[in-house]
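In each ligand, atom 1 is the first atom listed, and ligand 1 is the first ligand listed.
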Amino acid sequence: MIRLRPLSVTLRLLAPGLVLLASGAFAQSDRAAGAPADLVLRNGAIYTVDAARSWAEAVAVRDGRIVYVGSNAGLGTLVGASTRVHDLRGRMVVPGMQDAHIHPISGGIEALGCDLNPGKTAAEYVAIVKQCAVTSPQEPWILGGGWLMSAFGPGAMPSRALLDAVVPDRPVMLWSTDGHTGWANSKALAMAGISRDTPDPPDGRIDRDPQSGEPIGSLQEGAADLVTKVAPPASSEKRMAGLRYTVQQLNAYGITGLQDASVSQADMETYAALDHAAGLTVHAVLAQWWERAQGLEQITAMEQRRDQFTRGHVRATSVKIMQDGVMENYTAALLEPYLVAGSPRGIPMVEPEMLKRAVTALDAKGFQVHFHAIGDAAIRQCLDAVQAARAGNGPRGLRHHISHLQLIDPADIPRFRELGVVANFQPLWAYADDYITELTLPFLGKERTERMYPIGSVHASGAVIAFGSDWSVSSANPFEQMEVAVRRADPALPDGAVFAPEQRLPLPEAIAAFTINAAYVNGLERDTGSIEVGKRADLAVLDQNLFAIDPRAISDTKVLLTLFEGRPVYGELGKL
Ligand SMILES: [Zn+2]
C-alpha cells in the first residue's frame, strides 16, 4: 500500500486521458509489491536473460508467477509471515531451460529397455544384449538402442551374427544412437520377411553382404521400419513410464520446456495423460509427424489433433518434416556428391515442389514447421519452402525452424535471418569426435568437413539460434552442449582439439539459445524463457557461476534446484 501513495499523487498530475493507462500499469506492480510472496530467493547471482541481459539479487514468486526481480533491499512487503525465504548465498540462477529438439518418449523407453549407451565397443554391446535377454525372459522381443556406428570401425556395419550368438531364439532390434540405423538379429529379419530377395524400400537401404547378397543385419532409415512395424508397439504404460523418466531427467538438468521433435497420436495421448496426472513438469510443444506417403489431405487430421491436445502444459502446434537422412550412411542430401563409389548425393525425403506446397499449406493453417535437414541440398530445399510460404501467405509470425544444420551452403546462411527461420542446432555434435574424423571426413572431404555446424556464422548473420539435444541421440545435459558451443571441443577432454574455432559462440548467446530463444521457437517467450515479472516462475539454481569459471568447466555444472511454475521439481528448497 505504501507504493500507492506516490502513485495517487502522480495520477493527479496526469491528463485525464492517461489516467486509465497509468493506473492499469501501476495496479499490476502494486499487486506485485503489496501482498506477500509465496517464495523469495535472495542473495543470488540471478542471470535474468531479459533484453538487457541484466543481473538481479532476488526473485519473488506468487501463484507460480514471478512478481519481483531486483535487489534484496527492494523486496519490501513481499516478505510476509507466510513467505518462504531462501538465501542463495551467491549461487547463480538461470531461467528454466528449454530443449528445442528432443525425443522424450522413445528416449525414455530406450533408457528403460535394452540400453546400449553404457557400452563403447561391439563386444560390450553384445554383452549388454545378452544380459537384457537374461533379465527379461517374459518379453517376446528385445528392443532398445544406443549403439554408436563408430564402435564398428570405419565403413563397418553391425552384423546379425553378433546378435545371433547371444540371442538366437527371440527377435532383437536395436536402434543406433542417432536413430537412423536398426541392428537386427536373424530372427527379427525372418519375422519381417527380409531376405536377399527383398528390394530396398524407396527411403532406405538393407545393407547386404557383397558376395552372397544376404542381409547382414543393419538396416538404414526406412529399411529399419520393415522390422519395427512387425514388433509389438510399446504399451501405453511403457510410454508413460518412458515420458515420466525423461521429464524427471530433464528437470534434474534445469529444463522446464521442450519441443518433442516427432509425435504420433499415441505419443500425444501419453503427454495428455501425464499432464492430467500432474506429472508433466515441463511445457511441451509437440511436432506432429508428417507422413511422407501422404499429401496435403493429412493436414485436416493434424488440425483436429492440435485442437484436441493443445491444453494444460501441452501444445500440439508444430509439424515435423524430415527432409533427409544423415551423413554417416550417405542419406543426407548434398549439393555435391559424397566422395565414395557411385558418387551418391543422398536421399531428399520430400520432393522439393511438394515440400513447398506442404509448408505453404501448413503455414496457412497456423502450424509451425520443424524441419530435419542435415545436408546442404536438404537445407536449401527447406529454406526454399519457407520462402514459398512467405510469398504465398505473407508474414504470419510462425517460427519455422530447421534442426541439425550440419552442412549449410555459405550462400544460404543469410537466408535464415531474411526468412525468419530459426536455426536449431545440436551443439554437442560440433567438435571433432570419431564421427567427424573417422566417418565424415573421408567421404565429405576437408573443405566441407571444416564448414560443418557453422553456429557462429549463422549467429553473426543475425538469425535466431536455438539449441536442442536430440536426446536420446546424444546427452540431454545442456551444460555439456553449452560448453561445446563456447569451446568447439570435446567437453570430456580439457585440452582436446578445437574444431572450427571461428564458429564459437559467446557464453551469453549459448545461454540464450537454451532459454529465451528456445522459448521463442516454442512460442512461449511471453510466458517463459527469462526471469521477468509476470512470467512463470521456471528457474534453475546452479552450483557454480558460468561466467566466473574456466569454460572447460561449464559441462561440470550441476543443478541444485529446479522450479517449474514456482514449485520445486528437482532438488529441495531447504537444502540449498
Ligand atoms: Zn531428432
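- By the 4.0 Å N-to-carboxylate-O rule, D363 lies close enough to R396 to be salt-bridged with it.
- D470 has its closest N, O or S atom to the Zn ion (ligand 1) at the position named OD1.
- A salt bridge does not link K120 with E124: every distance from a Lys NZ or Arg NE/NH1/NH2 to an Asp or Glu carboxylate oxygen is 4.0 Å or more.
- Taking backbone and side chain together, H101 holds an N, O or S atom under 2.8 Å from the Zn ion (ligand 1).
- Here H103 meets the criterion, with an N, O or S atom under 2.8 Å of the Zn ion (ligand 1).
- Judged by the 6.0 Å and 45° rule, R399 forms a cation-pi pair with Y520.
- In this structure, R487 is not positioned above the aromatic face of Y431 in the sense of NZ or CZ being under 6.0 Å from the six-membered ring centre and within 45° of the axis.
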